[in-house]
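Presented below is the structure to which this report refers.
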Amino acid sequence: MSTRIPCSFFRRPAKEVAQKIIGSHLIFQPTRDLKYRVKIVETEAYVGAQDLACHASKGRTNRTSTMYLPGGVAYIYFVYGMYHMFNIVTGPKDHPEAVLIRAGECLSHPDLDLSGPGKFTRELGLDRAWNSKSLCSKSLYFRRGTLPLKISKSARIGVAYAGAWAPRKLRFFDPASDAVS
DNA sequence: GCATCGATGGTG
DNA sequence: ACCATCGATGCA
């Protein structure tokens, strides 16, 4: 009974992945003795080069090249001089879309506070070393979880500069979770 | 509660 | 100069 999510799942639009991934579990095993299991409770979709909030709207650069890979790899970048952001690349090759993971509940280590995208990566130790790595590997993959009763939507956080794209409801979260940022 | 602000460094 | 953030501070 495998409930692992296959890489093919991610080769669809970011807006779909962002919603379907809520309630699923990220399994992350950075070392032999350490294995995290995290329920995803908040996401945002960045939907391609036309999306003014998406890094790929500036074109293909060294940083954004990861987003042009086929869906199913991690896009991890550094912001504000101290935080990393963890994204799932989605869609087929050369469709630069991604889903930002904004918050989770750590089921294996309940004391960890994963209530925000910067805290999520900091607490789990996800940094640029994992950029472009597969999300369907032994040490890093998703499992199907329990569907939330409801998924709420809102505008994305911190993208006021994105013009007509700023107010679009591309942030998704489980309103029943205390970990939502 | 909420608004504001500094930290800190990669990116284009 | 800007930034897909956080935590501290000030004031209510």
Side-chain angles (χ1 to χ4, degrees), chain A residues 10 12-22 24 26 28 36 38-69 71-91 94-106 109-133 135 140 142 151-175 177-181:
Chain A
F10 299 107
R12 72 183 75 214
K15 189 175 172 180
E16 288 182 31
V17 173
Q19 295 171 80
K20 289 172 184 281
I21 209 72
I22 303 272
S24 71
L26 174 68
F28 176 42
Y36 296 112
V38 178
K39 182 167 86 167
I40 304 303
V41 302
E42 179 183 352
T43 63
E44 282 176 0
Y46 290 82
V47 299
Q50 75 284 1
D51 174 4
L52 268 3
C54 183
H55 290 166
S57 66
K58 302 282 197 297
R60 185 173 186 147
T61 65
N62 194 56
R63 177 171 71 159
T64 64
S65 61
T66 302
M67 296 184 83
Y68 291 78
L69 295 172
V73 299
Y75 169 46
I76 300 184
Y77 66 91
F78 188 63
V79 273
Y80 297 122
M82 51 187 104
Y83 300 110
H84 296 273
M85 299 288 109
F86 172 51
N87 300 252
I88 303 169
V89 174
T90 74
D94 293 327
H95 283 242
E97 304 187 29
V99 172
L100 172 67
I101 305 301
R102 287 193 57 88
E105 295 173 13
C106 194
H109 303 71
D111 290 343
L112 289 187
D113 178 7
L114 308 181
S115 61
K119 288 190 256 187
F120 189 99
T121 56
R122 186 186 64 195
E123 298 304 297
L124 296 178
L126 282 167
D127 60 18
R128 280 167 294 182
W130 296 90
N131 183 46
S132 82
K133 294 285 194 279
L135 295 175
L140 189 60
F142 286 88
I151 294 179
S152 299
K153 312 176 205 304
S154 80
R156 293 170 293 184
I157 307 299
V159 298
Y161 60 86
W165 287 84
R168 294 199 42 182
K169 292 186 172 14
L170 292 170
R171 170 174 173 253
F172 305 96
F173 57 97
D174 176 356
S177 173
D178 296 328
V180 170
S181 65

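The figures here come from the full heavy-atom set of this structure, side chains too, leaving out hydrogens, waters and symmetry mates.
Residues A:Asp113 and A:Gly158 both approach DNA chain C. Their nearest nucleotides, taken by heavy-atom distance, put A:Gly158 toward the 5′ side.
Annotation: cation-pi geometry satisfied between A:Arg128 and A:Phe78 (NZ/CZ under 6.0 angstrom from ring centroid, within 45° of ring axis).
In this structure, A:His55 and A:Tyr75 have perpendicular ring planes: the angle between them is above 60°, well past the 30° mark. Ring pair A:Trp130/A:Phe28 is perpendicular by interplanar angle, where above 60° counts as perpendicular and below 30° as parallel.
When the C1' atom of C:dC3 is taken as reference, atom CG of A:Leu52 falls 15 Å away, rounded to whole Å. Atom-to-atom, CZ of A:Arg63 to C1' of B:dG9 comes out at 12 Å; the value is rounded to the nearest Å. Between A:Tyr77 atom OH and C:dA4 atom C1' the separation is 4 Å, expressed in whole Å. A straight line from CZ of A:Arg171 to C1' of C:dT5 spans 14 Å, rounded to a whole angstrom. Counting to the nearest Å, the C1' atom of C:dC3 and the OH atom of A:Tyr46 are 11 Å from each other. Here C:dC3 presents its P atom at 14 Å from CZ of A:Arg156, a figure rounded to the nearest Å. The separation between A:Ile157 atom CD1 and C:dC6 atom P is 10 Å, rounded to whole Å. Straight-line distance from the CZ atom of A:Phe172 to the P atom of C:dA4: 18 Å, rounded to whole Å.
Within 4.0 Å (heavy atoms only), A:Lys119 reaches sugar-phosphate atoms of the nucleic acid but no base atom. Among the atoms of the strands shown, base atoms are found under 4.0 Å from some heavy atom of A:Met82. Residue A:Gly81 is in base contact, counting any heavy-atom pair closer than 4.0 Å across all strands shown. Residue-level contact check: A:Thr61 touches the backbone only, with heavy atoms under 4.0 Å from sugar-phosphate atoms and none from bases.
Under 4.0 Å is where a charged nitrogen must lie from a carboxylate oxygen, and between A:Lys15 and A:Asp51 no such pair does.
The distance from atom CG of A:Asp113 to atom NZ of A:Lys119, rounded to the nearest 0.5 Å, is 4.0 Å.
Base pairing of B:dT4: its partner is C:dA8, meeting the Watson-Crick or G-U wobble criterion (both donor-acceptor distances under 3.5 Å).
For A:Arg122, the side-chain atoms get nearest to C:dG7 when compared with the rest of C:dA4, B:dG10, C:dG7.
The stacking criteria are not both satisfied for A:Tyr80 over the base of B:dA7, which would need a centre-to-centre distance under 5.5 angstrom and an angle between ring planes under 30 degrees.
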